[in-house]
Chemist: 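The structure follows.
Not measured: the values here are computed from a predicted model. Just so it is clear: chains get the letters A, B, ... in the order the sequence lines come, proteins before strands, and each one is counted from 1.
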Number of protein chains: 2
Amino acid sequence: MHTIKDVAKKANVSIATVSRIVNNQSGYSEETKRKVLAAIKELNYQPNALARGLINKRTHTIGVLLPHFINAFGMELLHGIEEKAHEEGLSVIICSTDSFGAKTMKYLQVLNEKRVDGVIIIGPKLEEEYYDYVKRMAVPVVLLGTEKFDNRLPSVQVDNRAIAYSAVKHLIDKGHERIGMIAFHENGPSLRADGYRKALEDNDIIFNQERIVFSSGFAFEDGVHFFRKLMLQAPDITAAYIISDEMAVGAITAADRLGIKVPHDVSIISHDNLRVADMSIPKLTAVSLPLRRMGRTAAEKVFQMIQTGRPSESSIMQHEIVERDSVCMLAKAVRAKQPC
Amino acid sequence: MHTIKDVAKKANVSIATVSRIVNNQSGYSEETKRKVLAAIKELNYQPNALARGLINKRTHTIGVLLPHFINAFGMELLHGIEEKAHEEGLSVIICSTDSFGAKTMKYLQVLNEKRVDGVIIIGPKLEEEYYDYVKRMAVPVVLLGTEKFDNRLPSVQVDNRAIAYSAVKHLIDKGHERIGMIAFHENGPSLRADGYRKALEDNDIIFNQERIVFSSGFAFEDGVHFFRKLMLQAPDITAAYIISDEMAVGAITAADRLGIKVPHDVSIISHDNLRVADMSIPKLTAVSLPLRRMGRTAAEKVFQMIQTGRPSESSIMQHEIVERDSVCMLAKAVRAKQPC
DNA sequence: TTGTATGCGTTATCAC
DNA sequence: GTGATAACGCATACAA
């Protein structure tokens, strides 16, 4: 591994001159430039980013904290981050924290020691401990997730209440009135459950406690379990809003076992619109979240903050409904010509 | 951000002493140790990894190159890598190269400038250009993939011929004889197609060109397209070996459209055993690859190479067949009591 | 246009 | 035990 000194020697100039040329500043003749460039090429010289970082106080590296990143959801976010980050000349170090966040503090320390230029934290909530730490790190931090989990830091999120509202409204527009929901069991109030409720209210449908069920996770298994529970609890529903694609697929499996046909007997609309949504039978109608773009946006924010030194605004990303085959019209008049 | 100097000043010692204590070497009294530790805590001092790396010539960081890492397959590998790497005190920088590997050289340069301690390359093949570069980088490199794509570098792989053999053998054991396959279209000879052929041969089943079809990808869409093609080309098959879970799910969708029931009309065995395998209807019987463990193993290898300085052996990981619902017995005698 | 010298935050080699 | 001080590889203020 050659250093700037080797180049200087080979080109018969000082290291200062080499440095100038490498960082293409001004202050040298074309002649020397050629000499130096030739030496660089010949020696295969690559500047040492460590030494550079030591001086410039910038490592062109950011850290990403994501909890149990095994799932496809986080993957999409990560992909967006990585893509944008590299476009801006930033490398990304991934830190996959376990479900309990036990490793998080350790990761934060590592990132701090490595003097990353910024941090993106993916996750449902920001522990006070983490917040304190990143604050002391004094580097740009942006939060990335589906919940507005903190307002002290800039974030990229979606409006879950609006999403739930859209989803349920979509079902209502399709003629459904007895609508169930698999929500996520949270400590505080659930924005999604709120949106669900509001959509019913606005359309003069009475809310029925029995039609909402709270899951402890977002996985396939949760879907089969809680859809079953939902159907037992509220057998008369004709549609359901399920807050993750995997769960929705699980619901279809559960329905299958229960002898319920989707969408003929009950329509299903899901949340996220990951690849699986397109792979199930029937294909899932879903609320689509721009996960990739959210990742990109988060990366863009940290980059901007790094450049300007001032905090960025939070962004709320738009969602849309992608219609596929898991939801059908209910109105009898329509049903005749357009069976589902 | 405080430096070792600040700590030294606050503790009334020299930076040398602080350094000794931080790296817990010997050569100081308990008394000074306490003082220094107190100062460190109070100032919240974190050693600068850049400065350290500059001297020690180790960054405790490795780079991972993975092509279009969007898919669940790469995710599993990555997860294994990350897990093990952090256990060994290594951070991992991800570099997601596009399908054409156009960005690869750029990434390699970045990793080189950052002086990573090692590199893991995920992918189907190693371009000569990349090989030359990593060789010049003079850091441990391990290849991670499903193909033994190069033998100049240590790798972690599986035995694709054996896998295909196992899969087809499984179908044969279940009474199938007219077995189709969706293989991957490669330039060279396909190990999987070889294994398929060998399994037939060993069981006195004649190979029929029509029953094998070559896909250009591994995705869901490829599955629906090529399964359709396969069924048109060889309508008499009773089973098929499909080389990715996503494709297998696609095949089920295609079958559905064709009015073919899986596994009643045709059994399907897939490859990889990702989460989707468990989510389709019917659930997929699949050859399971220990992707997570493969990732861990790759990380372990680079770590070892970093420590010892000598190259590591290549590893071939074991596979196993996970029986679920997409394959059924064919023998008529059996069929009577065990319909599928 | 070019070179010298200093410092970035460490570790390590000497002295004391 | 402890403390100067020289590297590590580079950028830059200052001289020339």
Chemist: Evaluate the side-chain proximity of I120(A) to I62(A): yes if any heavy-atom separation is below 4.5 Å, no if none is.
Modeler: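 Side chain of I62(A) against side chain of I120(A), heavy atoms only: contact under 4.5 Å found.
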Chemist: Any idea how Y107(B) and H86(A) line up, ring-wise: parallel (<30°), tilted (30 to 60°), or perpendicular (>60°)?
Modeler: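 Y107(B) and H86(A): perpendicular rings.
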Chemist: Run the side-chain donor-acceptor check on residues 131-138 of chain A: report pairs under 3.5 Å with partners two or more places apart or on a different chain.
Modeler:
from: Y133(A); atom 1: OH; to: N112(A); atom 2: ND2; distance (Å): 3.4

Chemist: Once you build an axis from the first five pairs and another from the last five of the helix from dT1(C)-dA16(D) to dC16(C)-dG1(D), how far apart in angle are they, to 10 degrees?
Modeler: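 Its terminal axes enclose an angle near 50°.
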Chemist: Would you kindly give the OH-to-P distance between Y28(B) and dG3(D), to the nearest whole Å?
Modeler: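 In whole Å, dG3(D) P and Y28(B) OH are 14 Å from each other.
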Chemist: Can we say E87(A) and K103(B) salt-bridge, meaning some charged N sits less than 4.0 Å from an Asp/Glu carboxylate O?
Modeler: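 Result for this pair is no, no salt bridge flagged.
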Chemist: Who pairs with E83(A) by side-chain hydrogen bond (donor to acceptor under 3.5 Å, both in side chains), at least two apart in sequence or on another chain?
Modeler: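 Per chain and number, E83(A) pairs via side-chain hydrogen bond (donor to acceptor under 3.5 Å, both in side chains) with R296(A).
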Chemist: Tell me the interatomic distance from N24(A), atom CG, to dT1(C), atom P, rounded to whole angstroms.
Modeler: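 In whole Å, dT1(C) P and N24(A) CG are 15 Å from each other.
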Chemist: Under 4.0 Å: is that the gap between some side-chain N or O of S29(A) and OP1 or OP2 of dT1(C)?
Modeler: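 Answer is no, no contact under 4.0 Å.
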Chemist: Distance check needed: dG3(C) C1' versus N12(A) CG, whole Å only.
Modeler: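 Distance, rounded to whole Å: 13 Å.
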Chemist: Quick one: side chains of residues 34-41 of chain A, donor-acceptor pairs under 3.5 Å with protein atoms, not counting sequence neighbours, listed by atom name and distance.
Modeler:
from: R34(A); atom 1: NH2; to: E31(A); atom 2: OE1; distance (Å): 2.7

Chemist: In this structure, how many angstroms lie between the C1' atom of dC10(D) and the CG atom of L43(A), rounded?
Modeler: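 About 16 Å, once rounded to whole Å.
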Chemist: For T32(A) and dT1(C), is the shortest distance between a side-chain N/O and OP1 or OP2 below 4.0 Å?
Modeler: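 No, outside the criterion.
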Chemist: Between the protein and nucleotides 8-12 of chain C, are there any N/O to N/O pairs under 3.5 Å, and if so, what are the atom names and distances?
Modeler:
from: dC8(C); atom 1: O3'; to: K57(A); atom 2: NZ; distance (Å): 3.3
from: dG9(C); atom 1: OP1; to: K57(A); atom 2: NZ; distance (Å): 3.4
from: dT10(C); atom 1: OP1; to: Y45(B); atom 2: OH; distance (Å): 2.9
from: dT10(C); atom 1: OP1; to: N48(B); atom 2: N; distance (Å): 2.9
from: dT10(C); atom 1: OP2; to: I4(B); atom 2: N; distance (Å): 2.5
from: dT10(C); atom 1: OP2; to: Y45(B); atom 2: OH; distance (Å): 3.4
from: dT10(C); atom 1: O5'; to: Y45(B); atom 2: OH; distance (Å): 3.2
from: dT11(C); atom 1: OP1; to: N23(B); atom 2: OD1; distance (Å): 3.1
from: dT11(C); atom 1: OP1; to: N23(B); atom 2: ND2; distance (Å): 3.0
from: dT11(C); atom 1: OP1; to: R52(B); atom 2: NE; distance (Å): 2.8
from: dT11(C); atom 1: OP1; to: R52(B); atom 2: NH2; distance (Å): 3.4
from: dT11(C); atom 1: OP2; to: S19(B); atom 2: OG; distance (Å): 2.7
from: dT11(C); atom 1: OP2; to: N23(B); atom 2: ND2; distance (Å): 3.4
from: dA12(C); atom 1: OP2; to: Q25(B); atom 2: NE2; distance (Å): 3.3

Chemist: With the side chain counted from C-beta on, respond yes when V156(B) and M317(B) share a heavy-atom pair under 4.5 Å apart, and no when they do not.
Modeler: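 SC-SC contact between V156(B) and M317(B) confirmed.
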Chemist: With a 3.5 Å cut-off and sequence neighbours excluded, list the donor-acceptor pairs that the side chains of residues 43-50 of chain B form with protein atoms.
Modeler:
from: Q46(B); atom 1: NE2; to: E113(A); atom 2: OE2; distance (Å): 3.3
from: N48(B); atom 1: OD1; to: L50(B); atom 2: N; distance (Å): 2.7
from: N48(B); atom 1: OD1; to: A51(B); atom 2: N; distance (Å): 3.3

